[in-house]
Amino acid sequence: MAHKRPRDQRVVRNRRVAIYTFLLILTLFYISAHRTVQKEREMAALGEELALREAPAEGTERAEGQPEGYPGAQVLEERGEMDGDGGDTAGGGNAAGSGNAAGSGNAAGSGNAAGSGNAAGNGNAAGNAAGDTGQYRELQILPEDMWCLILTNAEYPVPEDYEVELEAIPGTEQWVDKRIYEPLMAMIGDMKAQGLSPVVCSGYRTLDKQEKLFNRKVLSYVKAGHTKEESYNLARQTISIPGSGEHCLGLAVDFYTRKYHKLERAFEDTPESKWLMEHAQDYGFIMRYGENKTDITGIQYEPWHYRYVGVEAAKYMKDKELSLEEFYIEQSLYG
């Protein structure tokens, strides 16, 4: 019996160690689970805060036939150019209309990329070029041109009543406003004829999808250690804030190539990007977020993002190196 006592003590001690170890593991597991739940609650609260923070403001008084709240409507009214019979955006008065840009015209004149110089059917998007000198006459912005010149950014959300009729881009899962389909396909076709391989990787987005992408970006910065405010400000430099976004208009597309599948600055070095920078304006498209325009647009340089504004307006902005915001200032389109 004298020999069993130390052995019994060791057994008791081992059992205690096992119990304490189990309790320690259980405690650590509980702490980890509690932190995870708390983190998820913080993320959910942040998402709700962002949604409330960026709820689209109510639109201002609009001109007949245009989406409520778009910049420029009031200015055109004051000029006396908003005509009750002919001031509809797309013939029938809807934002997407019957697929024609204005009345009986297609998105790019007679249907080819540069058309006959008209950006919206029978309406001239931004005046005519003055001969072969490269100089432009004073632009005449007509009411029927405004459908493709709508501005959306952090200050101007997409109007809540905005409607768009979509057309699918062949070979992709992307869609665009039906009125820009023909000039877009003509541009892509001409690029392919030159041996290039452009791919539209992003077209139309719903406002809900835009909001989810933004909130996801914010959360990624929060997880990286930034504060909520820092994360919000960082995210808005790369993604349009909820309630805005040109993709939500159906007038913008993002490109990459069959060989280069990244939406990064290095895209500018691809042959496809160099071709777009030289020729996109001939089809009515502009690089929306230029390299030296971040302070004006609020979005960092995106050489892959192209926006349709009409042929002559695009040529004008290209020639004068204007962003859409600067174009609005020059043409006094802000209401």
Side-chain angles (χ1 to χ4, degrees), residues 89-92 94-102 104-116 118-121 125 147-148 150 158 162-210 212-213 240 245-264 267-268 270-289 302-311 314:
T89 302
N94 297 322
S98 59
N100 294 328
S104 60
N106 292 323
S110 61
N112 46 44
S116 58
N118 295 328
W147 68 269
C148 63
I150 292 177
V158 176
Y162 186 81
E163 297 179 357
V164 58
E165 186 175 354
L166 299 173
E167 184 83 16
I169 301 175
T172 74
E173 296 181 353
Q174 306 302 324
W175 300 69
V176 293
D177 186 314
K178 187 173 183 178
R179 294 168 290 186
I180 77 167
Y181 176 81
E182 289 188 10
L184 175 63
M185 296 310 298
M187 182 169 70
I188 292 175
D190 287 348
M191 292 179 72
K192 291 182 177 179
Q194 297 293 320
L196 303 175
S197 57
V199 177
V200 175
C201 60
S202 184
Y204 173 75
R205 297 175 192 161
T206 64
L207 287 171
D208 288 341
K209 182 176 181 180
Q210 184 72 27
K212 289 179 181 178
L213 291 173
S240 297
E246 297 202 322
H247 287 285
C248 300
L249 297 175
L251 302 176
V253 291
D254 291 343
F255 286 101
Y256 58 45
T257 78
R258 289 184 180 178
K259 295 181 179 180
Y260 190 85
H261 293 176
K262 298 179 180 179
L263 298 181
E264 297 179 351
F267 174 77
E268 69 179 0
T270 65
E272 287 78 6
S273 176
K274 293 178 180 179
W275 191 97
L276 286 167
M277 285 190 284
E278 183 176 355
H279 301 290
Q281 69 277 2
D282 297 330
Y283 303 83
F285 290 86
I286 60 170
M287 183 194 295
R288 179 65 176 89
Y289 303 117
E302 293 188 354
W304 58 83
H305 181 100
Y306 280 81
R307 156 74 189 266
Y308 186 83
V309 294
V311 175

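Because only heavy atoms are used, hydrogens play no part in the values below, and waters and symmetry mates are left out as well, while side chains stay in. Just so it is clear, the model here is predicted, and its values are computed rather than measured.
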Within a strict 4.5 Å, meaning less than it, do heavy atoms of the Phe255 and Val200 side chains meet? yes
Gap between atom NE2 of His247 and atom OG1 of Thr206 - 0.5 Å precision: 12.5 Å
Arg288 side, atom CZ; His305 side, atom NE2 - distance, nearest 0.5 Å: 7.0 Å
Inter-residue atom distance Tyr181.OH - Trp175.CH2, 0.5 Å rounding: 10.5 Å
Does any non-hydrogen side-chain atom of Tyr306 lie less than 4.5 Å from one of Gln281? no
Counting C-beta onward and ignoring hydrogens, is there a side-chain heavy-atom pair between Leu249 and Arg307 closer than 4.5 Å? yes
Kindly assign one of parallel, tilted or perpendicular to the pair Trp275 and Tyr283, based on the angle between their ring planes and the thresholds 30° and 60°. tilted
Take Met185 and Ile169, measure what side-chain contact (heavy atoms from CB on, under 4.5 Å) needs, and give me the verdict at the end. CA-CA 8 Å; Met185 296 310 298; Ile169 301 175; 4.3 Å; yes
Does Glu167 have any salt bridge (Lys or Arg N to Asp or Glu O under 4.0 Å) partners at least two apart in sequence or in another chain, and if so, which? none
Can Leu263 and Glu302 be said to form a side-chain contact (heavy atoms from CB on, under 4.5 Å), step by step? CA-CA 8 Å; Leu263 298 181; Glu302 293 188 354; over 6 Å; no
Can you confirm whether Trp147 sits close enough to Tyr308 that some side-chain heavy atom of one is under 4.5 Å from a side-chain heavy atom of the other? yes
Looking only at heavy atoms, the pair that brings Pro303 and Glu268 closest together is CB-CB, 4.0 Å
Test item: His279 and Met187 side chains (from C-beta on) under 4.5 Å apart, heavy atoms: no
Is there a side-chain contact between Val158 and Glu246 in this structure, where contact means two heavy atoms from C-beta onward sitting under 4.5 Å apart? no
Indicate yes or no: at least one non-hydrogen side-chain atom of Gln174 is less than 4.5 angstrom from one of Cys201. no
Atom of Ala314, atom of Gly284 and distance for their closest heavy-atom approach: CB-C, 3.7 Å
Provide the closest heavy-atom pair for Leu196 versus Pro271 in the form atom of the first, atom of the second, distance. CD2-CB, 3.7 Å
Any side-chain heavy atom of Leu276 within less than 4.5 Å of one from Met191? yes
